[in-house]
Protein chains: 2
Amino acid sequence: MGMGRPREFDAEMALDQAMEVFWRHGYEGATIAQLTEAMGINPPSLYACFGNKEGLLKAALDRYTKLRGVWMDEVVAAPTARAVAERMLMGIADKQTDPANPPGCLLVQGGIACGTGSENVPFELAARRAQNEDQLRERFVRAKAEGDLKPTSDPAALARYVSAVSVGMGVMASSGSDREALRQVADVAVQAVEAQSAEKT
Amino acid sequence: MGMGRPREFDAEMALDQAMEVFWRHGYEGATIAQLTEAMGINPPSLYACFGNKEGLLKAALDRYTKLRGVWMDEVVAAPTARAVAERMLMGIADKQTDPANPPGCLLVQGGIACGTGSENVPFELAARRAQNEDQLRERFVRAKAEGDLKPTSDPAALARYVSAVSVGMGVMASSGSDREALRQVADVAVQAVEAQSAEKT
DNA sequence: CCACATCTGTAGTGAACACTACATATCTGG
DNA sequence: CCAGATATGTAGTGTTCACTACAGATGTGG
């Protein structure tokens with residue numbers, strides 16, 4: 001029994017192109033025609049490889065969060081809660097205005113509200129954003145245990161806050177705010193984390 | 001010459017229903033069938049009154065921002081920059097989790113990314129969000145002039161920051177965060193504004 | 001070289017979409 | 001009561017959508 005004709009395209013490179021289309025137009029705004037053209041394949045190849053449009057989105061999200069996860073590891077490796085917040089928010093200011101990518105964040109652009117039949121998409125995106133928030137929360141829990149954050153501070157609230165600011169910056173970026181504007185937001189936002197930090201001794 | 005048959009529905013009540021559909025499903029996710037059913041009218045009445053789907057959205061946005069404008073006036077009437085931020089963000093925490101409305105903010109849920117033919121929608125929403133930001137900035141400029149904010153503070157950056165947090169909270173609300181979670185975010189966020197406030201004398 | 005398995009390109013499928021033609025109904029002004 | 005004007009309900013219009021049937025191409029194992 002043979003193994004069949006081999007695939008003629010690179011799945012990861014195709015995913016990168018699909019990711020950009022979803023990023024720019026959102027899940028519902030992206031059409032199969034746009035996706036296949038960007039990926040350089042025909043619809044049957046797409047469906048054979050990813051199942052359907054939502055499967056392609058999930059694969060693109062997997063790839064996105066995998067790349068992003070590497071960076072998040074660097075973020076939480078910062079020495080203090082304040083440094084974590086600064087590294088995260090300043091990094092986001094830069095990443096979300098990087099001309100190499102569409103503006104904003106795929107986890108927001110992908111779809112905040114969707115129509116009937118795609119109700120699952122916003123949940124999917126929210127779940128991935130929640131993963132980042134969890135990682136931040138764990139880091140802030142540690143910061144509190146280490147005495148880096150005040151004993152009265154709430155690590156979960158801080159993580160939610162940083163996550164919320166990140167999302168807000170993503171929307172700003174996608175609607176035309178430039179890097180400098182985002183950095184100013186990040187700069188102000190970090191001060192709230194600083195206010196929760198223990199005094200320097 | 002006669003004046004023609006009078007309209008049988010109330011345009012504002014119909015708009016309220018349309019607003020809720022856009023709010024819940026976004027511009028692209030909302031269908032004319034859903035809109036007409038919610039509004040209690042048939043498609044020809046919709047098109048005669050609002051032109052097309054995008055015209056209906058703009059009319060709904062006008063109504064939304066008009067209602068919201070009343071509240072924003074109360075927000076900027078708070079005595080200090082810190083109080084403005086607190087009233088705004090705490091109010092948003094409550095409004096965006098009010099079960100009387102869909103969760104989140106129409107200016108975000110309406111559409112952050114859209115497909116070909118609706119590229120104008122995200123711009124339209126961004127422009128309305130910018131109006132709020134302008135109002136905040138003017139208020140913070142005044143706060144700085146009054147010595148309420150530090151001489152080193154940047155009112156424009158502060159306004160952008162509060163606006164960004166508001167948007168982030170809207171996304172959180174639409175993805176299931178409850179009122180308490182949003183209030184915690186607001187509470188942390190206010191501390192950044194406080195850090196820019198002059199010392200109490 | 002053959003049986004089999006998988007991929008690829010062409011060319012569609014039915015369904016859902018935004019939008020509208022048209023006949024009818026209901027008003028005002030004369 | 002009639003003419004003109006505008007609204008309404010029915011029943012569609014063409015287009016675009018996600019998705020697929022099918023035939024041919026290209027590989028592997030025997």
Side-chain angles (χ1 to χ4, degrees), chain A residues 1-15 17-19 21-22 24-61 110-111 113-122 124, chain B residues 1-15 17-19 21-22 24-60 110-111 113-121 124:
Chain A
M1 46 204 165
M3 280 172 56
R5 177 174 175 178
R7 179 176 296 144
E8 291 186 2
F9 63 95
D10 181 288
E12 286 206 335
M13 291 181 65
L15 261 186
Q17 303 306 314
M19 190 171 76
V21 175
F22 283 131
R24 201 174 293 281
H25 300 289
Y27 175 74
E28 291 193 311
T31 69
I32 298 292
Q34 286 173 325
L35 290 163
T36 52
E37 185 182 351
M39 298 165 87
I41 62 178
N42 289 309
S45 298
L46 189 160
Y47 284 90
C49 192
F50 302 105
N52 56 19
K53 189 183 176 184
E54 196 167 333
L56 176 61
L57 175 71
K58 286 184 183 170
L61 290 176
C114 278
T116 310
S118 306
E119 300 92 345
N120 198 41
V121 169
E124 189 73 27
Chain B
M1 46 202 166
M3 279 173 56
R5 177 174 174 178
R7 178 176 297 144
E8 291 186 0
F9 63 96
D10 182 289
E12 286 206 334
M13 291 181 65
L15 261 186
Q17 302 306 314
M19 189 171 76
V21 175
F22 283 132
R24 200 174 295 281
H25 299 289
Y27 176 74
E28 291 192 311
T31 69
I32 298 291
Q34 287 173 325
L35 290 164
T36 53
E37 185 182 351
M39 298 166 86
I41 60 177
N42 289 309
S45 298
L46 189 159
Y47 284 90
C49 191
F50 302 104
N52 57 18
K53 189 182 176 185
E54 195 168 332
L56 176 61
L57 174 72
K58 287 184 184 173
C114 279
T116 309
S118 307
E119 299 92 346
N120 198 41
V121 169
E124 189 73 28

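The sequence lines fix the lettering, A, B, ..., with proteins before strands; numbering per chain opens at 1. Bear in mind the structure is a predicted one, so any value in this text is a computation, not a measurement.
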#### Entry: Contact residues, residues 30-45 of chain A to DNA chain C [heavy atom, < 4.0 Å]
A:N42, A:P44, A:S45
Are the side chains of [Y] and [X] in contact, using a 4.5 Å heavy-atom criterion?
{"X": "B:T116", "Y": "A:Q34", "result": "yes"}
{"X": "A:Y27", "Y": "A:E124", "result": "no"}
{"X": "B:E28", "Y": "B:S118", "result": "yes"}

Rounded distance in Å - [atom1] ([X]) to [atom2] ([N]):
{"X": "B:E28", "N": "D:dC17", "atom1": "CD", "atom2": "P", "value": "11 Å"}
{"X": "B:E8", "N": "D:dT8", "atom1": "CD", "atom2": "P", "value": "5 Å"}
{"X": "B:L46", "N": "C:dT20", "atom1": "CG", "atom2": "C1'", "value": "13 Å"}
{"X": "A:E54", "N": "D:dC19", "atom1": "CD", "atom2": "C1'", "value": "14 Å"}

By nearest atom, which of the nucleotides [options] is closest to the [X] side chain?
{"X": "B:N52", "options": "C:dT8, D:dA18, C:dC19", "answer": "C:dC19"}
{"X": "B:R5", "options": "D:dA7, C:dG29, D:dG29", "answer": "D:dA7"}
{"X": "B:M3", "options": "D:dT8, D:dG29, C:dT28", "answer": "C:dT28"}

### Task
Answer yes or no for B:R7 and B:F9: cation-pi contact, defined as NZ/CZ to six-membered ring centre under 6.0 Å and angle to ring axis within 45°.
yes
#### Entry: Atom pair CE/CG of A:M19 and A:L57 - distance to nearest 0.5 Å
11.5 Å
### Query
Can you check whether B:Y47 has a side-chain N or O nearer than 4.0 Å to OP1 or OP2 of C:dT20?
no
### Message
Check whether A:N42 reaches the backbone of A:S45 with its side chain - one donor and one acceptor, N or O, closer than 3.5 Å.
### Response
no
